[in-house]
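In what follows, a single structure is set out as structure tokens and then discussed.
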Amino acid sequence: MKQTFYERIGEAVYRERLENGLEVCVVPKPGYAKKYAFFATRYGGMDTRFCLNGTWMDTPAGIAHYLEHKMFDTREGNALQELAKNGAEPNAFTSNAMTGYYFDSTDHFEENLKILLSFVSIPYFTDESVAKEQGIIAQEIRMIEDNPDWQIYTRMLKALYHTSTARTSIAGTVESISHITAQTLYDCHKAFYTPSNMILTVVGEVDPIHVVDLARRVLPRVGGGAIARDYGQEPEGVAQRETAMEMEVASPQFLVGFKCRSVPDGEDYLRAAVVGDLACDLLLGESSPLYHRLYDAGMINTSFGGAYEMMPGVAYLYAGGDSKQAPAVLEAICQESRRLQEQGVDQAFFQRARRAAFGSNLRGLNSFENIAVTLTEGYFHGYDPFRFPQVFDSITPEDITDFLRENVTQERSVLSQILPRSGEKGGNKA
Amino acid sequence: MEMTRTQIARGVYLTYLPARKFKTSLLSVQFVTPLRRETASANALLAAVLRRGTVSCPDMAALSARLDQLYGATIDYTVRKRGENQCVGFVASFIDDAFALGGERLLEPVTDLMGELVCSPATYHGRFQPAYFESEKTNLIDAIRAQVNDKREYADSRLLRLMCQAEPYAIPRLGEEEDAQALQSRKLYAQYRELLSSAHIEVIFSGSAPQERVEQALQGAFSTLPREEVCPILGTQPHEGRQEAQSVTEEMDVTQGKLGMGFTCGSDDMPALLMGNTLFGGSSNSKLFMNVREKLSLCYYASSAYHRQKGIITVSSGVEFRDRPRAQEEILAQLEALQQGKIEDWEMEGARSCLLNAYASMGDSQGKIENFYLSQAATGQEETPQQLSEQVSQVTLERIVRAMETVRLDTVYFLTGKERAQ
């Protein structure tokens with residue numbers, strides 16, 4: 001195996017690409033009791049249209065997430081229970097561009113890893129078991145539909161994008177998932193759950209050679225080919241300037257989104273991510289002059305925060321929280337962006353913010369899940385995430401102002417709001 | 001490496017947890033004070049007001065510049081409810097000296113800043129800065145109101161409130177809105193002086209620095225703490241069960257119903273109840289997960305929690321409005337199965353190893369271990385995770401059945417949709 005030591009962050013990574021195309025990463029963590037395994041496929045809520053054996057397929061919204069739920073079913077029963085018997089805490093998530101299955105355990109690690117690799121690589125669905133899951137996922141969808149944070153975020157994405165599948169809800173809708181059958185699940189599994197489209201990451205005090213051997217023994221010998229995907233042709237401008245919805249909430253919430261230029265895969269992807277995050281900190285982070293001004297004016301409170309996100313074919317900067325003056329906050333953000341473009345970023349503030357961002361990235365390495373997800377994203381997008389200290393070193397204030405000039409402007413902005421229900425009595429009955 | 005707990009000043013205890021494996025150190029300073037309606041919202045506000053500025057860093061800009069310079073150290077204020085005590089204070093996280101680019105020491109400056117936040121706030125004529133007081137008061141009221149936004153948490157807290165009505169346990173973490181409305185700057189300052197001099201204080205440290213260095217940093221940073229007679233930590237009164245279970249339904253504009261059920265536990269066999277609760281609804285192997293979710297597809301989540309200090313178990317689930325009777329019936333049926341000892345070997349094994357795994361890996365997270373030791377100290381418990389493991393290992397099926405037989409339904413809460421939404 002290839003071993004890389006990252007001196008500035010005190011981590012080592014063992015990597016090996018198996019004959020079937022699977023990437024295996026092991027991060028040793030001496031002194032920790034738990035061991036963590038993360039097995040992921042490059043397949044998420046955005047991948048609804050793809051090419052399988054020369055034929056373009058359109059699949060229902062929410063199918064990657066549905067598949068994630070059903071993968072735990074095995075011919076013998078259910079892998080969730082099998083792992084739980086060993087004291088492992090298994091779970092899974094589906095994001096826009098990946099599905100990940102994981103567990104952590106202090107005992108029986110190799111046995112648990114074998115169960116994980118088996119159930120994710122061997123599908124077992126029946127029409128009956130697929131139908132039964134509709135009830136559970138429908139309740140999951142109902143739950144998130146009642147969640148204002150989810151509503152406001154999803155509605156922001158729909159305002160930002162015309163056609164990109166970033167608009168598609170990861171869980172789909174109660175209607176869209178009703179079209180899912182055992183056969184469509186088998187097709188999607190065949191296309192995306194092939195070792196060459198996947199990565200296994202193990203974090204903890206384990207022998208890397210054992211991990212590789214186990215993966216070789218359990219997984220199929222041959223991987224599949226590359227899978228072409230269609231994320232939609234996205235025009236430059238935003239789809240809708242403003243969107244608002246009433247819900248049973250105590251006070252108004254908002255998110256502003258800025259449609260940013262998307263970034264191709266490769267080492268530059270990491271650099272773009274770091275520039276975007278740092279620009280967000282300098283523009284409106286907790287240490288920024290804008291944050292202090294808005295907080296003192298009572299226009300935002302501690303719920304206010306922002307981030308820069310990238311997904312296949314799209315990138316956006318967003319910020320929000322509770323506020324009764326959302327349009328004025330949006331205006332202030334745009335103004336501050338203009339000011340920074342014109343006057344440049346304060347040197348001392350830039351140095352401090354960069355140092356703080358380094359510390360915050362370092363802190364992230366306490367979390368096994370974060371390490372695994374970060375390495376997985378790096379692999380899918382073709383960069384090494386543990387090189388972040390060097391990338392931080394290379395960034396200049398001009399990188400930040402260039403980013404703001406290109407991306408954070410009034411024309412590229414959208415405003416998504418959730419407002420308390422009006423004109424209704426909120427009475428309770430005992 | 002072992003945990004030690006020592007008294008370092010009058011009523012001030014340091015829990016020292018040496019660890020070299022983390023990238024960061026954690027330092028927590030917490031006032032532990034009885035949860036009372038009269039003081040709950042004041043204490044919550046106090047933490048927020050103190051976080052706004054100190055004598056040497058008088059505003060947010062100065063504070064955040066100082067923290068950024070310390071490699072993005074974070075100092076968050078926390079307000080937690082542990083048993084019938086309220087814990088307010090600060091938790092700092094900062095990178096280990098080994099990763100500082102210039103080999104700087106970070107423990108001392110961060111501890112100094114903590115000391116300033118606690119002992120030397122920005123004041124104006126013998127009270128807090130009026131602007132800080134006013135804006136944090138508004139924020140607190142907003143935060144109390146915003147609890148309705150997350151319907152699952154809201155329903156869980158409504159259940160506790162209805163169940164423990166006249167007991168301190170019913171008081172929410174941030175206190176009541178009307179009490180927050182009535183807060184006055186002068187009284188808040190008096191409450192602050194009171195806490196400084198007489199509240200029990202727990203300090204928790206996890207990181208690579210030796211204990212002497214931590215104690216020295218603390219002595220320096222908190223040298224002006226005016227300690228006087230210290231109030232002892234009060235125990236939590238077990239919940240008095242109702243003769244007849246009560247049932248409450250409320251309406252809101254939601255698409256999913258939230259069902260909460262509260263039970264009293266007559267037994268004080270804590271390890272057996274820990275196991276019983278894990279079997280009931282405490283893991284993805286539990287009876288509630290396997291039956292209410294997997295077998296009947298009634299919900300996405302159905303789980304239970306054992307409130308050890310209070311001697312109660314609560315169940316929380318999200319269901320279609322029309323499925324409520326079936327869900328409620330099934331939850332009770334699963335409890336009955338436990339009470340009749342219908343527990344398979346694999347269920348026992350699963351529940352036990354789930355708990356043992358959680359205790360064994362607790363020391364892998366600075367956040368979890370801080371929370372654990374604070375809870376222990378705030379409720380007068382002394383077991384380590386290791387000792388809890390041993391107790392759980394010894395629990396037998398008979399003990400579980402005997403303990404679960406004392407579990408009785410007390411309160412049912414259902415949050416349903418408005419007719420229009422149905």
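Sequence lines set the chain letters: A, B, ... in the order given, protein chains first and strands last, and positions in each chain run from 1.
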Using 0.5 Å steps for rounding, measure from the OH atom of Tyr71(B) to the CG atom of Leu362(A).
10.5 Å
In terms of heavy-atom proximity below 4.5 Å to chain B, should Asn78(A) be classed as side chain, backbone, both, or neither?
side chain
At a heavy-atom separation under 4.5 Å, does Ser365(B) approach chain A through its side chain, its backbone, both, or neither?
neither
Pair Asp142(B), Ser251(A): side-chain N/O donor-acceptor within cut-off below 3.5 Å
no
Could you check whether any side-chain N or O of Thr106(A) sits under 3.5 Å from a backbone N or O of Ser361(B), counting only pairs where one atom can act as donor and the other as acceptor?
no
Between Phe349(A), Phe368(A), Tyr295(A), who has the most heavy-atom pairs with chain B when the cutoff is under 4.5 Å?
Tyr295(A)
Return the option, out of Lys34(A), Glu286(A), His108(A), Arg352(A), with the maximum number of heavy-atom pairs under 4.5 Å with chain B.
Arg352(A)
Please state whether the side chain, the backbone, both or neither of Arg52(B) comes within less than 4.5 Å of a heavy atom of chain A.
side chain
Where do Ile136(A) and Tyr300(B) come nearest, in terms of heavy atoms and distance?
O-CB, 3.8 Å
For Glu248(A) and Lys151(B), what are the C-alpha separation, side-chain angles and deciding distance, and is it a side-chain contact (heavy atoms from CB on, under 4.5 Å)?
CA-CA 9 Å; Glu248(A) 191 112 29; Lys151(B) 303 298 181 287; 4.3 Å; yes
Residue Lys324(A) versus chain B: region with a heavy atom under 4.5 Å:
side chain
Inter-residue atom distance Asp68(B).CG - Asp281(A).CG, 0.5 Å rounding:
8.5 Å
Can you say whether Ile9(A) sits under 4.5 Å from chain B via the side chain, the backbone, both, or neither, judging by heavy atoms?
backbone
Decide, yes or no, whether a salt bridge links Lys85(A) with Asp345(B) under the criterion of side-chain N to carboxylate O below 4.0 Å.
no
Proximal component of Pro289(A), with respect to chain B [non-hydrogen, under 4.5 Å]
neither
Give, as side chain, backbone, both or neither, the part of Met290(B) having an atom under 4.5 angstrom from any heavy atom of chain A.
side chain
Under 4.5 Å to a heavy atom of chain A? For Lys258(B) that would be side chain
What one should report as the nearest heavy-atom pair of Ala84(A) and Ser353(B) is O-OG, 3.8 Å
Distance from Leu296(B) atom CG to Lys132(A) atom NZ, nearest 0.5 Å?
8.5 Å
Counting only heavy atoms from other residues, nucleotides and ligands, does the tally under 6.0 Å from CD of Glu104(B) exceed 12?
yes
If only atom types and distance count, is the side chain of Gln139(A) paired as donor or acceptor with the main-chain N or O of Tyr301(B) below 3.5 Å?
no
What option among Gln351(A), Glu145(A), Arg363(A) has the most heavy-atom pairs under 4.5 Å with chain B?
Arg363(A)
Ranking Arg142(A), Glu140(A), Gln134(A) by heavy-atom pairs under 4.5 Å to chain B gives rank one to Glu140(A)
Point-to-point distance, once rounded to the nearest 0.5 Å, from CD of Glu136(B) to OG1 of Thr302(A)
7.0 Å
Could you please spell out the steps behind the side-chain contact (heavy atoms from CB on, under 4.5 Å) verdict for Gln253(A) and Asn149(B)?
CA-CA 10 Å; Gln253(A) 300 177 25; Asn149(B) 296 359; 2.9 Å; yes
Please test Asp146(A) against Arg152(B) for side-chain contact (heavy atoms from CB on, under 4.5 Å), starting from the C-alpha separation and ending with a verdict.
CA-CA 10 Å; Asp146(A) 276 340; Arg152(B) 180 176 179 170; over 6 Å; no
Options Gly359(A), Gly298(A), Ser287(A), Gly135(A), ranked by heavy-atom pairs under 4.5 Å with chain B, top entry:
Ser287(A)
Is Arg354(A) in contact with chain B via its backbone, its side chain, both, or neither, using a 4.5 Å heavy-atom distance?
neither
Heavy-atom proximity to chain A below 4.5 Å, by part of Leu298(B):
backbone
Side-chain donor-acceptor pair present, Thr24(B), Asn366(A), cut-off under 3.5 Å
yes
Measure across Phe358(A) and Phe99(B) and return the closest heavy-atom pair with its distance rounded to 0.1 Å.
CE2-O, 4.0 Å
Regarding Lys23(B) and Glu11(A), does a basic nitrogen lie under 4.0 Å from an acidic carboxylate oxygen?
yes
At a 4.5 Å cut-off on heavy atoms, which part of Thr138(B) comes close to chain A: side chain, backbone, both, or neither?
neither
Just how far is it from atom CG of Asn301(A) to atom CG of Asn139(B), taken to the nearest 0.5 Å?
4.5 Å
Looking only at atom types and distance, does a side-chain atom of Gln81(A) sit under 3.5 Å from a main-chain N or O of Ser284(B), one as donor and one as acceptor?
yes
In terms of heavy-atom pairs under 4.5 Å with chain A, the winner among Val319(B), Leu355(B), Leu356(B), Asp323(B) is Val319(B)
Closer than 3.5 angstrom, by distance alone: can the side chain of Arg421(A) be matched with the main-chain N or O of Asp253(B) as a donor-acceptor pair?
no
Verdict with supporting geometry, Glu89(A) and Asn357(B), side-chain contact (heavy atoms from CB on, under 4.5 Å)
CA-CA 9 Å; Glu89(A) 286 187 39; Asn357(B) 184 55; 4.0 Å; yes
So, the part of Ala73(B) with a heavy atom under 4.5 Å from chain A: the answer is backbone
Could you look at Glu347(B) and say if it's the side chain, the backbone, both or neither that has a heavy atom under 4.5 Å from chain A?
neither
